[in-house]
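Before any comments, here is the structure.
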Amino acid sequence: MKKIIYLRFFYPLLKAFFGLFFERKYLKGKYFESSVVGWKWVFRSLFTQKILRINKHVPWPVSTNIAIDYAQGITFDPDDLNNFQHFGCYFANTNYGKITIGKGTWIAPNVGLVTTNHKLNNFALHEEPKEIIIGQHCWIGMNSVLLPGVVLGPNSIVGAGSVVTKSFEDGNCVIAGNPARLIKTTYSNA
Amino acid sequence: MKKIIYLRFFYPLLKAFFGLFFERKYLKGKYFESSVVGWKWVFRSLFTQKILRINKHVPWPVSTNIAIDYAQGITFDPDDLNNFQHFGCYFANTNYGKITIGKGTWIAPNVGLVTTNHKLNNFALHEEPKEIIIGQHCWIGMNSVLLPGVVLGPNSIVGAGSVVTKSFEDGNCVIAGNPARLIKTTYSNA
Amino acid sequence: MKKIIYLRFFYPLLKAFFGLFFERKYLKGKYFESSVVGWKWVFRSLFTQKILRINKHVPWPVSTNIAIDYAQGITFDPDDLNNFQHFGCYFANTNYGKITIGKGTWIAPNVGLVTTNHKLNNFALHEEPKEIIIGQHCWIGMNSVLLPGVVLGPNSIVGAGSVVTKSFEDGNCVIAGNPARLIKTTYSNA
């Protein structure tokens, strides 16, 4: 009963109000409809993004210790908004680089997703970005970095501290190491 | 003389007062009795943990850029409270995982201590945690990660950027690499 | 015209005023003269360094999630002040360790520059520091660590997640891995 009142009455009101500050398409899904933790992120981010102006260019709630070069280039499901609430991650996609994060993917702290390198011979310029695509139900371990153009198929697990330099498009695998190598293949029932 | 007055008079008062907000057993030792830097941490954390509600579930002073899944599972000496004041560390011990940190152990920034993995085939679930035990006088270098079940004996040194996948129970050694391997054994006079 | 007014009138005023709080030699160069983003950093740091007392010992604007043991030991060009505005970096140069950063060098988030190790047999003491020297136009990738005594020549690129244990004094190269190895040599026209 309480939940119905919340969903019918308070949720649309909150969404309408906070939709003045963040894009509405991010203010839905499990963190707003099955739980209310999303509003906690919204409230904190109202202060940090709109008043303190940290990550002010990001149209969804994001913590102060995550850096995003080009928010419009990132595609993700609002159910995975948790990936933007911790610390140490850098979505390095300047020059309109694209990052696609499959639904149900978990990204740990201190992870780098780098679509765009500096030009080797002149760091003031950047190379053309190469899209990073992460499939559904992946898990990117702490302190890992994915380099430009990496494609990970669904159900990929990237071990902590890995540097992923090439694609593993088939997914259903565990990769780890620097550079990341196939550790084992898995079969998902997710 | 000043120190005696502090220890006899001010210290018990401060401990009684701030013991309303943090567990008293953490408000002692060298950072409170030989120095006063501990109170600086307490004061900052009163604001961040009790008012801003960041890491509000942790009963000792901890910085805003350290994540702890299950504070009650972590055992450490209050003389090592410094390990919780910097940034980037993640004590990933959900599902009641245990982490034991030996006295005199130093943990650098951006370190992960992971007792509990996501289930390989369903990330919404977690596997059973496996305890991480770090002996006395160890040093965990920057950007390292320890995986579930790792036991490090006393006087272990983990080189920066290491991923420790197995135990080195004898201690008195330097380990490094991804995965971490024995680099050399040492003899401690600590 | 507006730029001339800024440079002739407002810039000296701002520099004189904020020079009361930070050393003037850091309040110049491209972030203050060709752009005004430097003042944003100054303004934020006035709050975090001077009021909140985080990194209060650092005489230039630095973010709250970068740690610097001994600011006087670090030499850099004010045009590279951007390297101190993100997160996760640790300039571990206690005991008066020296770090020299060549002009035009980019340091990514979560990077460690470690000049001074704990003593192997007694972590309460530190070994003698060994200077880290990074040449001009280098790029230190995310999550990398440079160990004591490392010298990198000009135009060096350190791949993400590398642990640099020895010097590459000739520069003009890409190094990567744990430990870092030569990947390729490059020829710069920068």
Side-chain angles (χ1 to χ4, degrees), chain A residues 30 37 40-41 43-44 47-48 63-66 79-80 82-83 85-90 102-112 136-145 154-163 172-174 176-181 183-190, chain B residues 48 51-56 62-69 86-94 108-127 132 140-148 150 158-166 176-181:
Chain A
K30 68 179 181 184
V37 71
K40 196 184 79 171
W41 299 336
F43 198 73
R44 177 211 57 198
F47 180 66
T48 60
S63 89
T64 56
N65 284 292
I66 282 182
D79 274 6
D80 301 320
N82 56 308
N83 290 324
Q85 311 311 321
H86 43 61
F87 52 77
C89 293
Y90 183 19
K103 186 167 179 173
T105 283
W106 293 69
I107 299 175
N110 300 343
V111 164
Q136 296 195 340
H137 295 279
C138 291
W139 168 24
I140 316 297
M142 189 171 167
N143 292 2
S144 296
V145 182
N155 308 304
S156 297
I157 295 172
V158 177
S162 301
V163 178
N172 295 300
C173 62
V174 179
N178 178 0
R181 292 192 177 84
I183 303 296
K184 65 176 172 182
T185 55
T186 57
Y187 301 94
S188 170
N189 52 20
Chain B
T48 60
I51 295 174
L52 297 185
R53 316 298 282 166
I54 301 168
N55 279 325
K56 65 176 193 279
V62 61
S63 90
T64 55
N65 284 293
I66 282 182
I68 297 174
D69 283 342
H86 43 61
F87 52 78
C89 292
Y90 183 19
F91 297 81
N93 63 332
T94 197
N110 300 342
V111 164
L113 302 179
V114 182
T115 69
T116 322
N117 280 325
H118 296 274
K119 283 213 177 189
L120 284 196
N121 291 332
N122 185 348
F123 297 154
L125 302 175
H126 281 86
E127 302 201 16
I132 287 179
I140 315 298
M142 189 172 168
N143 292 1
S144 296
V145 182
L146 273 61
L147 296 185
V150 161
V158 178
S162 301
V163 178
V164 187
T165 57
K166 62 172 192 173
N178 178 359
R181 292 191 176 87

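Letters go in sequence order (proteins before strands), and every chain restarts at 1.
- Between B:C89 and A:F87, the closest heavy-atom pair is O-CZ, 3.4 Å.
- Residue with the most contacts toward chain B among A:G141, A:G88, A:A160, A:A176: A:A160 (heavy-atom pairs, distance under 4.5 Å).
- One distance of note links CE of A:M142 with CG of B:L113; it measures 8.0 Å at 0.5 Å rounding.
- Looking at B:V111, only its backbone comes within 4.5 Å of chain A, counting heavy atoms on both sides.
- When the candidates B:N143, B:N65, B:I66, B:L52 are compared by the number of heavy-atom contacts under 4.5 Å with chain A, B:N65 comes out ahead.
- If you take CH2 on A:W139 and CG on B:N117, they are separated by 3.5 Å, rounding to the nearest 0.5 Å.
- For the pair A:I157 and B:F123, the minimum side-chain heavy-atom distance is below 4.5 Å.
- Within the model, atoms CG of B:N178 and CG of A:N178 stand 6.5 Å from one another, a figure rounded to the nearest 0.5 Å.
- Heavy atoms closer than 4.5 Å to chain B are found in the side chain of A:W106, but not in its backbone.
- Annotation: A:K103, atom NZ; neighbour count of heavy atoms from other residues, nucleotides and ligands within 6.0 Å does not exceed 12.
- Contact of B:S144 with chain A is made through the backbone alone, with heavy-atom distances under 4.5 Å.
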